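A short worksheet on the structure shown next.
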Number of protein chains: 2
Amino acid sequence: MSGGERREQILETAVRLFSQNGFNGTTTKEIAAAAGVSEAMVFRHFSSKDALYEAILDTKSCQGESQFPWTTNKVLLDAMARKDDYEVFYNIALHAMNKHQSDQGFMRLLLYFALEEHALASKFFKEFVTRIYKFIGDYIKTRQADGAMRDLEPNIAVRAFMGMLLHHSLNNILWDKKRTVLNISNEEAADNFATILLNGIKK
Amino acid sequence: MSGGERREQILETAVRLFSQNGFNGTTTKEIAAAAGVSEAMVFRHFSSKDALYEAILDTKSCQGESQFPWTTNKVLLDAMARKDDYEVFYNIALHAMNKHQSDQGFMRLLLYFALEEHALASKFFKEFVTRIYKFIGDYIKTRQADGAMRDLEPNIAVRAFMGMLLHHSLNNILWDKKRTVLNISNEEAADNFATILLNGIKK
DNA sequence: GTCTATATGACGATAGAC
DNA sequence: GTCTATCGTCATATAGAC
């Protein structure tokens, strides 16, 4: 296996293990074993465990665009142009929750890194949270100007909406994996959350 | 210092450090130093680091009642009796978020334990989440029977509402400590969240 | 109850052969 | 590019004196 490939493979293995057990809870030996190489190989490609962590953040930062594919989703942009509020928020909710569900490891990684307060993690969060709030907030402002939504701080509405989505996903990933408290499809959740929010902020 | 006192003190120190750096990120040496005793003393009172972890869960489980003081809050119970929906949800939101704010360490601890998937942690979550959903869900059912709220699965409404509260608190604790994205008081947040939810689910 | 000293093992990281 | 062997350090946990 070539250098680049091996490096990539070790990196992916590390992401997987960090997302399962956190940075401190994962040993370089485990990473090596899971990647099917010796521990020395890990240190050949990454000078230290910290360097491995930084490489992950760089990778994930560069993949940033792909973290929010729904911001360029055609159906969504169409709905926004038509000002079909329900379609807009339903699609945002559905795509976000589908993404969370299919990328649970990444969600866990973000939580671990947030808790562990690595310097670069906060930069990562800020960058993307700011973007989402602007994206949805701007749409709400437009609809307020249209007189379709009542006059409240747009970011509060975004906070409320993202709260529903993220909390629901976190429940499914962390606390209620068996769905004993609430067992609904992402479509049903998206429908309900979009409806609650829109009724909640309409004029 | 007597045995019981010292044990208590070590336990509290451990809770603080675990909440800051997680279980794996905290050493018994650090705990001993922070508690002002030798490392041997930690192991005299707790046979292992794992035993320390279990003792924390036991303690926190027993303190369960005090984790949700608002379920017995007089103002809230009054509002429920009067069926003053806004007062009910405003007070739930405000008390919950105030609690989160004053007990950020405990919030972090819960997140760490959820991520680290210790067996007893899930028991802890299940016990209390179930209780909250029943408490609020029952009220919503009553109001639906009154014809005041529309016919949706009560637990979905609870999920949406708890999502707003918890996500807002998590933002303040983890990602947006400086409040650069959204800087509002708990009162303002409670007012907005209660209003959004109630408009969102009223008939 | 509290300490110092230490055993035992794991972890991050390196050296050097192939 | 990959390995085995190993180093120094730190972590959990114990022994034994006071």
Side-chain angles (χ1 to χ4, degrees), chain A residues 1-59 108-109 112-113 115-121, chain B residues 1-59 108-109 112-113 115-121:
Chain A
M1 193 177 277
S2 79
E5 283 171 330
R6 181 106 291 171
R7 192 189 139 96
E8 201 59 30
Q9 182 215 10
I10 292 170
L11 203 56
E12 279 167 26
T13 306
V15 168
R16 185 163 52 81
L17 292 181
F18 285 161
S19 77
Q20 282 164 19
N21 306 315
F23 185 79
N24 290 317
T26 306
T27 67
T28 51
K29 181 177 254 166
E30 283 168 350
I31 295 170
V37 294
S38 73
E39 208 175 345
M41 279 305 297
V42 174
F43 288 101
R44 177 152 212 86
H45 288 283
F46 303 93
S47 64
S48 70
K49 199 182 170 186
D50 276 321
L52 195 49
Y53 165 75
E54 293 188 20
I56 288 174
L57 285 189
D58 283 351
T59 308
R108 291 177 58 92
L109 197 70
Y112 262 124
F113 284 179
L115 281 168
E116 287 169 350
E117 288 180 318
H118 286 269
L120 288 170
Chain B
M1 193 176 278
S2 77
E5 283 172 332
R6 180 108 289 169
R7 192 189 139 96
E8 201 58 32
Q9 182 214 10
I10 292 170
L11 203 56
E12 278 167 27
T13 307
V15 168
R16 186 164 51 81
L17 293 181
F18 284 161
S19 77
Q20 281 164 20
N21 306 315
F23 185 79
N24 290 315
T26 306
T27 67
T28 50
K29 181 178 252 168
E30 283 167 351
I31 295 171
V37 294
S38 74
E39 210 175 344
M41 279 307 295
V42 174
F43 288 101
R44 176 153 211 87
H45 288 283
F46 303 93
S47 64
S48 70
K49 198 183 170 186
D50 276 320
L52 195 48
Y53 164 76
E54 293 189 20
I56 288 174
L57 285 190
D58 284 351
T59 307
R108 293 176 57 92
L109 197 68
Y112 262 123
F113 285 179
L115 281 167
E116 286 168 352
E117 289 180 319
H118 285 269
L120 288 171

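Since this is a predicted model, take the numbers as computed values, not measurements. Just so it is clear: chains get the letters A, B, ... in the order the sequence lines come, proteins before strands, and each one is counted from 1.
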For atom CG of B:Asn24 and atom C1' of C:dG12, their distance in whole Å: 16 Å
Gap between atoms CG and P, on A:Leu52 and C:dC11 respectively (whole Å): 16 Å
Nearest to side-chain heavy atoms of A:Lys49, which nucleotide of C:dG12, D:dG1, C:dT2: C:dG12
Nearest-nucleotide comparison on DNA chain C, the residue closer to the 5′ end among B:Gly3 and B:Ala40: B:Gly3
Any A:Ser38 side-chain N or O less than 4.0 Å from OP1/OP2 of D:dT4: no
Euclidean distance, atom CD1 of residue A:Ile10 to atom C1' of D:dC3 [Å, nearest integer]: 13 Å
Length of the CZ-P vector between B:Arg44 and C:dT4, whole Å: 15 Å
Sugar-phosphate, base or nothing in reach of A:Val37, heavy atoms under 4.0 Å: sugar-phosphate
Side chain to side chain, B:Gln20 and B:Glu30, heavy atoms closer than 4.5 Å: no
Distance, rounded to the nearest Å, where B:Met41 contributes CE and D:dT12 contributes P: 17 Å
Heavy-atom side-chain contact between B:Glu5 and B:Glu8 under 4.5 Å: no
Sugar-phosphate only, base, or nothing, as touched by B:Arg6 at under 4.0 Å among non-hydrogen atoms: sugar-phosphate
Pairwise distance NE2(A:His45) to CG(A:Leu11) - rounded to 0.5 angstrom: 11.0 Å
Closest nucleotide among D:dT2, C:dT2, C:dA13 to the A:Glu39 side chain: C:dA13
pair B:Ile56-B:Leu109: side-chain heavy atoms closer than 4.5 Å: yes
Gap between atoms CZ and C1', on A:Phe43 and C:dG16 respectively (whole Å): 17 Å
Distance in angstrom units between A:Arg7 CZ and D:dT2 C1', rounded: 18 Å
Between P of C:dC11 and CD1 of A:Ile31, the distance in whole Å: 11 Å
Residue mapping more 5' on DNA chain C - nearest nucleotide basis, A:Thr26 or B:Ser2: B:Ser2
Under-4.0 Å side-chain N/O to phosphate OP1/OP2 contact, A:Lys29 with C:dC11: no
B:Tyr53-B:Phe18 aromatic ring centre distance below 6.0 Å: no
